[in-house]
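What's counted below: heavy atoms across the whole structure, side chains too, no hydrogens, waters or symmetry copies. Order of the sequence lines sets the chain letters (A, B, ...), proteins ahead of strands, with each chain counted from 1.
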Amino acid sequence: MALVKVREVLEECCEGKRVSIRGWVYRKREGKEMIFLLVRDSTAFIQCTVRRSSPAWNVAERLTIESSLTLEGVAKQDKRAPGGYEISVDSISIIGLAEVFPIAKDKSEEFIRDIRHLWLRSRRMNLVMKVRADVLDFAREYFKAQDFIEVSPPMFISAAVEGGSTLFGLKYFDQDLYLTQSSQLYLEILIYSLENVYCIAPSFRAEKSRTIRHLTEYWHIEGEWPFADMNDLMRFEEGLMAHVCQSAADKCKKEFEELGADITKVAQVRAPFPRITYTEAIEKLKTKNPKLTWGDDLGYEDEKALADEFGKPFFVYDYPTAIKAFYCKTYRDKPEVAMSVDMMVPRIGEISTGGAREDDKDMLIKRIREMGLNEKDYDWYLDLRRYGTVPHVGFGMGLERLLTWMLDLENIIDAIPFPRTTRRFYP
RNA sequence: GCCGCCGUAGCUCAGCUAGGUAGAGCGGCUGGCUGUUAACCAGUCGGUCAAAGGUUCAAGUCCUUUCGGCGGCGCCA
């Protein structure tokens, strides 16, 4: 007798055959002559029936919701069963008898979040996590196909990437260190050896943002490579996005369907993306937001207005230097404009930021001073410009923001199994 | 950092406007019924009304403070 996954039974692997499955009780309906069990494993749910005459009856009676078990029986098609297939059970062995499970049909957001460790068993979270794993695979596929090498940067860092305000500090033995906000500076080191590099790693931000698109710990897909310009960067990013979206539309159909996500939107993502400059964006937004003038950062409402107009991913590039980080390269003939680009998607806004990095040592020192930073903190970073400097570009994309958009999730916390927000860090 | 909303049974909520005996559904338990589909029917168990203080003859309800949670803005991916 074969030990099979529930999905295999539903896909007609074993019509009329005796099978064994392992899993957990999802629902139980008890009658005088028949007990209906809805059993789940990692792949799917299936209805299992136990008749009073079955030797498994006494064991089935004791079963509680979420008990783990192994059962044996004959798999068969049955129109009355949800899913179209069921198992007529003749043997059950309980592995772990569950106490009364706290999750019932009525559940609030707050309660679900309090018992995250149990809610992760839900079909919904099961599906999202599968798509997440696939999206990571698709992203790696694309990087590899473009001859990028995956590297492993540190999470403990001694100096800030961006301003210091959003860093999480921590005690490192007797010293003060931080958790990284981005692996960018470390990828910049590695391009001098490996050229095209990428990493997929957590980033930490101590922003007290209370929105459906912020996490304090999120997974960052970052790439960095030399001998490239802004056009190369945008072409790479839209290529990555198109590959991930089309692969998902092709290979995650069932998950999208069960999650009620709009797969058409994802299937339609194709390069090239619309590109507008920051200056053009300001022009476009003039009527909707008259207060907005050149030099202001685009607010979420501004980004949303643009995103609604495009209805699909697009780029905004060439931002004012003054609102960008010290490492952004500026145009030599227009120092007030920085070579920076954001990818935006509807509803979420920014899902990626990238740009050309300043490769001239003296310009970089000037920018560090202008931003009120201490150049001593960036000595190793300046070394990169001292020894064989090279024009280079890079970007960082928020994995959970990408998933939130792709799967139409109501809140970014569902794009990661153990979300960390300003108020949540349990379990 | 600024603004708004929420907190009553294990869970979802009503009760608060206009102060007067703590309520319902779900879940649990007991029984009934049923190829059931978030089953159904009857009975039953279940309460620090987030906490503290105040007003009052009387506070779940009105006032103050605190705690916890959610969301919006700003900032960001």
Side-chain angles (χ1 to χ4, degrees), chain A residues 26-38 45-52 64-66 76 78-84 86 88 98-115 118-119 123 161-167 180-184 200-222 237 296-304 319 323-325 340-345 348-355 395-405 410-413 415-416 421-424 426:
Chain A
Y26 181 68
R27 290 277 183 272
K28 179 185 179 185
R29 281 180 282 277
E30 205 168 349
K32 204 179 232 170
E33 293 302 324
M34 183 95 91
I35 293 171
F36 295 93
L37 298 172
L38 201 51
F45 299 89
I46 190 163
Q47 177 163 290
C48 303
T49 58
V50 186
R51 295 187 182 279
R52 186 175 275 281
T64 49
I65 303 292
E66 286 302 308
K76 56 181 205 295
D78 193 319
K79 281 180 184 162
R80 296 167 296 187
E86 68 180 26
S88 182
E99 296 176 22
V100 176
F101 198 61
I103 302 178
K105 69 174 182 180
D106 295 317
K107 44 198 178 289
S108 63
E109 271 300 311
E110 184 173 356
F111 180 62
I112 289 301
R113 293 179 194 199
D114 287 344
I115 49 159
L118 300 176
W119 179 240
R123 185 67 183 155
V161 176
E162 323 258 337
S165 59
T166 61
L167 281 168
T180 187
Q181 296 170 303
S182 161
S183 300
Q184 179 197 322
I200 300 178
S203 280
F204 305 89
R205 303 221 173 155
E207 294 157 356
K208 287 184 181 167
S209 306
R210 305 197 46 76
T211 79
I212 58 160
R213 56 186 187 283
H214 281 88
L215 293 166
T216 53
E217 178 185 46
Y218 68 96
W219 283 70
H220 215 165
I221 301 171
E222 294 179 277
E237 279 200 64
D296 295 340
D297 209 348
L298 299 180
Y300 175 66
E301 291 301 324
D302 302 318
E303 290 174 3
K304 216 172 97 174
Y319 282 85
I323 57 172
K324 287 292 167 183
S340 179
V341 56
D342 288 348
M343 188 193 291
M344 317 262 187
V345 295
I348 313 300
E350 297 166 45
I351 66 165
S352 130
T353 293
F395 70 95
M397 183 178 286
L399 173 63
E400 291 79 16
R401 284 196 178 173
L402 173 61
L403 286 165
T404 302
W405 177 70
E410 281 178 23
N411 192 310
I412 197 167
I413 64 166
I416 187 168
T421 64
T422 54
R423 308 278 177 101
R424 297 271 185 188
Y426 172 92

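The C1' atoms of B:rC49 and B:rG23 are separated by 12 Å, rounded to the nearest whole Å. Distance check on atom P: B:rC3 versus B:rA22 gives 38 Å, rounded to whole Å. Comparing the C1' positions of B:rU61 and B:rU55 gives an interatomic distance of 13 Å, to the nearest angstrom. Between the C1' atoms of B:rC70 and B:rA77, the separation comes to 22 Å (whole Å). For the C1' atom pair drawn from B:rU17 and B:rG74, the interatomic distance equals 36 Å after rounding to whole Å. Between B:rG27 and B:rC67, the two C1' atoms lie 29 Å apart (nearest whole Å). Going from the C1' atom of B:rA52 to that of B:rC11 covers 28 Å, rounded to whole Å. Straight-line distance between the P atoms of B:rA51 and B:rG43: roughly 32 Å, to the nearest whole Å.
Between A:R210 and B:rC73 there is no side-chain polar atom (N or O) within less than 4.0 angstrom of OP1 or OP2. Between A:R423 and B:rG69 there is a side-chain N or O to OP1 or OP2 distance below 4.0 Å. OP1 or OP2 of B:rC70 lies within a sub-4.0 Å distance of a side-chain N or O belonging to A:R424. Residue A:T353 has a polar side-chain atom (N or O) positioned under 4.0 Å from OP1 or OP2 of B:rA77. At least one side-chain nitrogen or oxygen of A:K208 sits closer than 4.0 Å to the OP1 or OP2 atom of B:rG1. Applying the 4.0 Å criterion to OP1 and OP2 of B:rG71, one finds that A:R113 has a side-chain N or O inside that range. Residue A:S209 has no polar side-chain atom (N or O) positioned under 4.0 Å from OP1 or OP2 of B:rC75. Contact between the side-chain N/O atoms of A:R213 and the OP1/OP2 oxygens of B:rG71 is not found at any separation under 4.0 Å. Between A:N411 and the phosphate of B:rG71, there is a side-chain N or O to OP1/OP2 separation shorter than 4.0 Å.
When the P atom of B:rG74 is taken as reference, atom CD1 of A:I323 falls 13 Å away, rounded to whole Å. Atom C1' of nucleotide B:rC6 and atom CD of A:E110 are separated by 8 Å, given to the nearest angstrom. Put simply, CZ on A:R205 is 9 Å from P on B:rC76, counting in whole angstrom units. Atom CZ of A:R27 is separated from atom C1' of B:rA38 by 6 Å (rounded to the nearest Å). Between A:Y426 atom OH and B:rG69 atom P the separation is 14 Å, expressed in whole Å. What separates CH2 of A:W219 from P of B:rA77 is a distance of 18 Å, to the nearest Å. For A:D302 and B:rC73, the CG to P distance is 11 Å, given to the nearest whole Å. Note: CZ (A:F36) to C1' (B:rU36) measures 4 Å, nearest angstrom.
A cation-pi geometry, defined here as NZ or CZ lying under 6.0 Å from the six-membered ring centre and within 45° of its normal, does not hold between A:R123 and A:Y26.
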Would you tabulate the nitrogen or oxygen pairs shorter than 3.5 Å linking the protein to nucleotides 30-33 of chain B?
{"unit_1": "B:rC33", "atom_1": "OP1", "unit_2": "A:K32", "atom_2": "NZ", "d": "3.1"}
{"unit_1": "B:rC33", "atom_1": "OP2", "unit_2": "A:K32", "atom_2": "NZ", "d": "2.5"}

Write down the protein N/O and nucleotide N/O pairs, taken from nucleotides 40-47 of chain B, whose separation is under 3.5 Å; answer none if there are no such pairs.
none

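With sequence neighbours excluded, no residue forms a salt bridge (charged side-chain N to carboxylate O under 4.0 Å, His left out) with A:E222. With sequence neighbours excluded, no residue forms a ring-ring contact (aromatic ring centres under 6.0 Å, His included) with A:F204. Applying the salt bridge (charged side-chain N to carboxylate O under 4.0 Å, His left out) rule to A:R423 yields no partners; only residues at least two apart in sequence or on another chain are considered. For A:A104, there are no side chain to side chain contact (heavy atoms under 4.5 Å, CB included) partners, not counting sequence neighbours.
Rounding to the nearest 0.5 angstrom, the gap separating the OG1 atom in A:T353 from the CG atom in A:D342 is 3.5 Å. Between the CG atom of A:D114 and the OG atom of A:S108 there is a distance of 7.5 Å, given to the nearest 0.5 Å.
If you check B:rG43 for Watson-Crick or wobble pairing at under 3.5 angstrom, you find it paired to B:rC29. Base pairing analysis places B:rC5 opposite B:rG69; the two distances defining the Watson-Crick or G-U wobble pair are each below 3.5 Å.
Within 6.0 Å of NZ in A:K304 there are 12 or fewer heavy atoms belonging to other residues, nucleotides or ligands.
The side chain of A:Q47 has B:rU37 as its nearest neighbour among B:rC75, B:rU37, B:rU12.
Below the 3.5 angstrom threshold, one finds no donor paired with an acceptor across the side chain of A:D114 and the base of B:rG69.
Taking the 5.5 Å centre cut-off and the 30° plane limit, the aromatic side chain of A:Y218 is classed as stacked on B:rA77.
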